[in-house]
Structure formats: C-alpha cells, structure tokens
**Q** 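Questions regarding the structure given below will be posed in turn.
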Amino acid sequence: MNILSLLPEELTALLQELGEPKYRAGQIFSQLHKGITLSEMTNVGKATKEKLEGRLDCSLPTVKRKLTSALDGTVKYLFSLADGNCIESVVMKYEHGYTICVSSQVGCRMGCKFCASTVAGRVRDLESGEILGQIIAAQRDLGIRISNVVMMGIGEPLDNYDNTVKFLKLVNLPEGINIGYRHISLSTCGLVPKIYELAKLDMQITLSVSLHAPDDETRSEIMPVNKSYGVDKLLDACREYYKATGRRISFEYTLISGKNDTVPNALKLAEVLNRKLRTRTENMPIHVNLIPVNEVTESGFKSSDRAAVKKFAATLESKGIRATIRRTLGSDINASCGQLRREDADA
Ligand code: SAH
C-alpha cells in the first residue's frame with residue numbers, strides 16, 4: 001500500500017501502532033501532499049522513516065517520459081509506479097489555471113472501439129494514493145499548483161469504485177491538496193449500478209457520461225458496456241444522479257465519420273435526451289460535449305469533418321440541447337482524449 005492512500009486518521013492510527021507520537025501524523029501528511037517525500041523530510045527521524053518504509057510504499061510516481069506540446073504547452077507524463085507498471089497523465093493550461101487529467105487503472109477492460117487505453121486490456125486498479133500521486137508528482141515537477149482535476153485518463157474510474165471514491169476524499173482535504181469537488185469531473189462509460197452508488201454520496205463533483213451514440217444498436221457496436229446497461233437505463237441513472245446531487249450532467253459524444261455523426265443521429269440524440277431528461281415536470285440541465293474522434297491507429301475510425309461537427313451541434317441546439325465542441329489540446333503528443341496508453345508508445 002502506498003503511503004498516499006492513507007487518510008489522516010489512518011496515518012495517525014498506523015503511527016500509534018508503530019509506537020510513534022500522534023502529532024507526527026499531521027506533519028507527515030501535509031508534507032507528503034505538498035510533494036516532499038518521506039525520505040526528504042528533515043523533521044522526521046530516521047527510525048520513524050524506517051518503520052514507515054517497512055510497512056508502506058513511500059514513493060511517488062516517477063517520470064519515465066515527459067512530452068510538451070509545441071502547440072499549446074500541454075504536458076503528457078508517462079509515470080512509472082512502484083511495481084514497474086506505467087500510466088499516463090496530462091496537464092493542461094487554461095485561463096483559469098491548470099487542469100490535470102489522471103488515470104484510474106493500469107489499462108482498461110471496457111473495450112470501447114475508438115479508445116487506445118483499452119487496446120491492451122487492464123492490468124490492475126490504481127490505489128487511491130497512486131491516483132493522487134499523479135497530481136503531486138506533476139505539481140512538483142512543474143512547480144505549479146493544479147486547480148482542477150478530470151478523471152478522464154486511462155481506465156474506468158467506476159470500475160475501480162472504492163479507490164476512486166477514496167481518492168476524491170483525499171484530494172478534497174484542506175490539509176492536503178484541497179481541491180473542491182466542484183473543480184473535479186469524473187467521466188464514466190456508464191456503469192449504471194455505480195452511478196446510483198455515487199449519487200448517494202452526494203459529492204458535488206461533475207459527472208461526465210460517455211454516451212457516443214443515441215441508440216442501443218449503434219452504442220453496443222462501439223461500446224461493449226452498452227450490452228449490459230443500455231441507453232435507457234443509463235439515462236435513468238443520470239436523472240437519479242441529478243435528483244440526488246443537483247449537479248448538471250455533461251454528456252460526451254465523440255463524432256466518428258459515417259458511424260454516429262449525421263443529422264438523423266443528432267435528431268435521435270436530442271429526442272432521447274429530451275424524452276428521458278427534460279420532461280414537463282423535470283427539466284434537468286444537460287450539456288453535450290462533442291469531440292471529433294481522435295484517430296487511434298488500431299481503430300481505423302475517421303474523424304468527422306468540421307462542417308459535419310458544426311451541423312451536429314446546430315441540430316442539437318435547435319432542439320434545445322446545449323452543445324459545445326471540445327477544444328483539442330496536446331494533439332501533437334498524442335495527449336488527447338482516448339489516446340493515452342499504459343505503454344511507452346511514443347518512444
Ligand atoms: N472510462 C471513462 C474515462 C475515460 S475519459 C469514460 O469512458 O468516460 C476519456 C473520454 O474520451 C471518454 O469520454 C471517452 O469515451 C473519450 N474517448 C475515448 N477515445 C476517444 C477518441 N479516440 N477520440 C475522442 N474521444 C475519445
């Protein structure tokens with residue numbers, strides 16, 4: 001277990017068990033979360049360090065490769081973890097500050113046809129401290145403070161539910177990184193039972209749902225998860241999430257030429273969203289984020305042209321659905337949506 005996976009009270013309990021004074025926990029916790037590793041701490045004795053190192057992995061993810069986009073300054077890290085597995089994280093600069101896109105698993109087992117992260121399958125889940133470690137390591141390397149987090153890297157966060165929830169709690173702690181829930185987005189391919197569970201926690205994070213098709217036939221073709229939880233059930237869960245949390249939902253829709261990008265597709269999408277979520281009695285705020293598909297060697301899918309994307313957005317808007325087209329960052333370093341991998345593919 002990584003030391004960063006411990007909540008303050010868990011670190012306190014462990015130190016007590018190791019015969020150390022309680023007050024040490026606060027000192028150690030806040031330094032760790034600032035990016036000072038245990039071995040670098042000057043106010044913690046050698047004996048304490050050795051005891052902790054005997055019980056826990058006290059390392060941060062290490063930078064195995066770092067690429068910086070010449071186009072927009074986006075930085076993509078290939079991090080290696082204590083067991084040698086690798087993941088990627090991306091830091092993007094916006095007017096309002098820095099956003100990091102973190103990975104939640106080593107690989108992914110969801111099998112979406114357009115996504116590079118799932119090509120080689122899933123190796124293992126990340127611990128909460130390994131998700132958090134990506135933020136700490138990036139802040140330390142760049143000398144910046146990150147203000148927003150998106151769980152949109154490698155992996156399906158709700159397929160690693162407990163560690164994801166613990167990570168959300170850790171990153172939100174005032175004595176730690178202290179990022180507000182409203183500055184965190186979690187993206188899911190639609191694991192319906194877990195959306196209901198998350199709704200019950202009423203954390204004020206933004207839920208992004210990867211929809212990508214308006215009907216079961218098309219969606220099942222490109223997203224195997226749809227065979228377990230179809231569009232109707234997924235939208236029911238979204239409605240419940242909104243009811244429980246009051247947070248609007250963002251739908252991601254990647255436009256693939258000839259697959260899901262026509263005007264009839266857009267009309268069908270507007271119809272199903274309006275029918276399921278915007279009835280006369282409930283008017284759930286929703287938002288569709290259109291992403292022209294980023295080309296991934298293995299998929300063979302082609303991106304829709306600019307005109308088709310604009311037309312798709314306009315069709316949604318004409319039916320009362322807010323739609324925006326996602327800006328692509330880091331395209332010259334394969335750092336865009338769906339391009340992250342657990343292996344060193346850019347070397
Ligand atoms: N597993 C989660 C988190 C990944 S988030 C999920 O599925 O939502 C990454 C986002 O990028 C998702 O919306 C995903 O569907 C989308 N995506 C994947 N491959 C893509 C590609 N090639 N082009 C554009 N978007 C892609």
Side-chain angles (χ1 to χ4, degrees), residues 92 94-97 99 101 147-152 156-158 164-165 168 172 179-216 219 223 225-226 229-255 260-261 263 265-292 309-327 337:
M92 296 154 284
Y94 292 98
E95 272 150 41
H96 55 267
T99 295
C101 174
S147 52
N148 291 270
V149 178
V150 297
M151 295 195 81
M152 298 192 180
E156 167 50 48
L158 299 187
T164 289
V165 168
L168 294 170
N172 182 243
I179 296 180
Y181 286 133
R182 286 166 185 259
H183 296 269
I184 304 174
S185 292
L186 182 154
S187 183
T188 178
C189 65
L191 297 181
V192 164
K194 298 297 176 189
I195 295 177
Y196 284 101
E197 262 188 66
L198 192 65
K200 280 195 220 128
L201 300 182
D202 193 14
M203 284 173 162
Q204 291 292 298
I205 58 168
T206 299
L207 188 66
S208 290
V209 173
S210 297
L211 195 56
H212 305 316
D215 58 84
D216 284 330
R219 195 164 188 268
M223 299 179 72
V225 66
N226 195 68
Y229 312 108
V231 174
D232 250 46
K233 291 229 157 64
L234 176 55
L235 295 179
D236 285 340
C238 291
R239 198 172 60 222
E240 185 54 37
Y241 187 87
Y242 169 67
K243 273 196 195 161
T245 64
R247 300 288 291 160
R248 79 164 192 185
I249 295 203
S250 180
F251 291 98
E252 290 154 293
Y253 194 104
T254 172
L255 290 160
N260 63 358
D261 67 338
V263 168
N265 292 141
L267 288 170
K268 211 175 206 178
L269 178 62
E271 186 276 322
V272 72
L273 292 176
N274 280 325
R275 174 165 51 82
K276 298 288 293 184
L277 308 177
R278 318 205 44 195
T279 58
R280 238 177 330 134
T281 47
E282 281 171 40
N283 195 6
M284 181 174 148
I286 54 179
H287 171 241
V288 175
N289 205 207
L290 299 170
I291 321 167
V309 175
K310 282 199 167 152
K311 210 161 170 188
F312 199 97
T315 306
L316 290 178
E317 294 274 357
S318 77
K319 296 291 173 189
I321 305 278
R322 270 197 56 210
T324 49
I325 301 169
R326 183 174 288 179
R327 223 174 106 210
C337 304

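What you see is a predicted model; the values in this text were computed from it and never measured.
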**Q** As an exercise, state the distance from CG of L273 to NE2 of H287, rounded to the nearest 0.5 Å.
**A**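 With rounding to 0.5 Å, CG (L273) is 12.0 Å from NE2 (H287).
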**Q** What's the verdict on side-chain contact (heavy atoms from CB on, under 4.5 Å) for V231 and D215, showing C-alpha distance, side-chain angles and the deciding distance?
**A** CA-CA 6 Å; V231 174; D215 58 84; 5.8 Å; no
**Q** I195 vs E240, test: side-chain contact (heavy atoms from CB on, under 4.5 Å). Steps then yes/no.
**A** CA-CA 9 Å; I195 295 177; E240 185 54 37; over 6 Å; no
**Q** Ignoring hydrogens, what is the shortest heavy-atom contact between G190 and Y229? Give both atom names and the distance.
**A**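 Nearest pair, atom of G190 first, then Y229: O-CD1, 3.6 Å.
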**Q** What residues, two or more places apart in sequence or in another chain, satisfy side-chain contact (heavy atoms from CB on, under 4.5 Å) together with L201?
**A**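 Checked L201 against side-chain contact (heavy atoms from CB on, under 4.5 Å); matches are Y161, V165, L198, M203.
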**Q** Who pairs with K311 by side-chain contact (heavy atoms from CB on, under 4.5 Å), at least two apart in sequence or on another chain?
**A** V263
**Q** With sequence neighbours left out, write down each residue that passes salt bridge (charged side-chain N to carboxylate O under 4.0 Å, His left out) with E271, or none if nothing qualifies.
**A**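 Once residues adjacent in sequence are excluded, the partners of E271 under the salt bridge (charged side-chain N to carboxylate O under 4.0 Å, His left out) criterion are R275.
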**Q** Which residues satisfy the side chain to side chain donor-acceptor pair (under 3.5 Å) test with N265, sequence neighbours excluded?
**A**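 Residues passing side chain to side chain donor-acceptor pair (under 3.5 Å) with N265: T262.
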**Q** Using the test salt bridge (charged side-chain N to carboxylate O under 4.0 Å, His left out), find all partners of R248 that sit at least two apart in sequence or belong to another chain.
**A** none
**Q** Once rounded to the nearest 0.5 Å, what's the spacing between atom CD1 of I291 and atom NE2 of H212?
**A**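 The NE2 atom of H212 is 6.0 Å from CD1 of I291, to the nearest 0.5 Å.
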**Q** My understanding is that only residues two or more places apart in sequence, or in another chain, count here; which of them pass ring-ring contact (aromatic ring centres under 6.0 Å, His included) with Y94?
**A** H96
**Q** Looking at N274 and K319, would you say the former's side chain and the latter's main chain have a donor-acceptor pair under 3.5 Å?
**A** yes
**Q** Looking at side-chain heavy atoms only, is the closest gap between T188 and V209 below 4.5 Å?
**A**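 Side chain of T188 against side chain of V209, heavy atoms only: contact under 4.5 Å found.
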**Q** Regarding D236 and R239, does a basic nitrogen lie under 4.0 Å from an acidic carboxylate oxygen?
**A**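 Result for this pair is yes, salt bridge flagged.
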**Q** State which residues pass side-chain contact (heavy atoms from CB on, under 4.5 Å) with A199; sequence neighbours excluded, sorted by chain then number.
**A** Y241, A244
**Q** L234 versus R219: any side-chain heavy-atom pair under 4.5 Å?
**A**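 In contact.
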**Q** Indicate yes or no: at least one non-hydrogen side-chain atom of L277 is less than 4.5 angstrom from one of I249.
**A** no
**Q** From E252 CD over to S185 OG, what is the distance, rounded to the nearest 0.5 angstrom?
**A** 8.5 Å
**Q** Between S187 and M152, is there a donor-acceptor pair closer than 3.5 Å when you use the side chain of the first and the backbone of the second?
**A** no
**Q** Atom CG of N289 and atom SG of C337: how far apart are they, to the nearest 0.5 Å?
**A**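 Interatomic distance, N289 CG to C337 SG, rounded to 0.5 Å: 8.0 Å.
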**Q** To the nearest 0.5 Å, what is the distance between CD1 (I321) and CD1 (I286)?
**A** 4.0 Å
**Q** For S147, enumerate each residue passing the side-chain contact (heavy atoms from CB on, under 4.5 Å) test, keeping only those at least two apart in sequence or located in another chain.
**A**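 side-chain contact (heavy atoms from CB on, under 4.5 Å) check on S147 returns nothing, list empty.
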**Q** With sequence neighbours excluded, what pairs up with R278 under the salt bridge (charged side-chain N to carboxylate O under 4.0 Å, His left out) test?
**A**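 For R278, no residue satisfies salt bridge (charged side-chain N to carboxylate O under 4.0 Å, His left out) once neighbours in sequence are set aside.
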**Q** Determine which pairs satisfy side chain to side chain donor-acceptor pair (under 3.5 Å) with at least one residue from residues 190-209, sequence neighbours left out, and list them in order.
**A** R182-Q204, K194-E197, D202-Q204, T206-R247
**Q** Among all residues two or more places apart in sequence or in another chain, which pass the ring-ring contact (aromatic ring centres under 6.0 Å, His included) test with F312?
**A**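 ring-ring contact (aromatic ring centres under 6.0 Å, His included) check on F312 returns Y253.
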**Q** Once rounded to the nearest 0.5 Å, what's the spacing between atom CD1 of I205 and atom NE2 of H183?
**A** 13.5 Å
**Q** With sequence neighbours excluded, what pairs up with D232 under the salt bridge (charged side-chain N to carboxylate O under 4.0 Å, His left out) test?
**A**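 Applying salt bridge (charged side-chain N to carboxylate O under 4.0 Å, His left out) to D232 gives K276.
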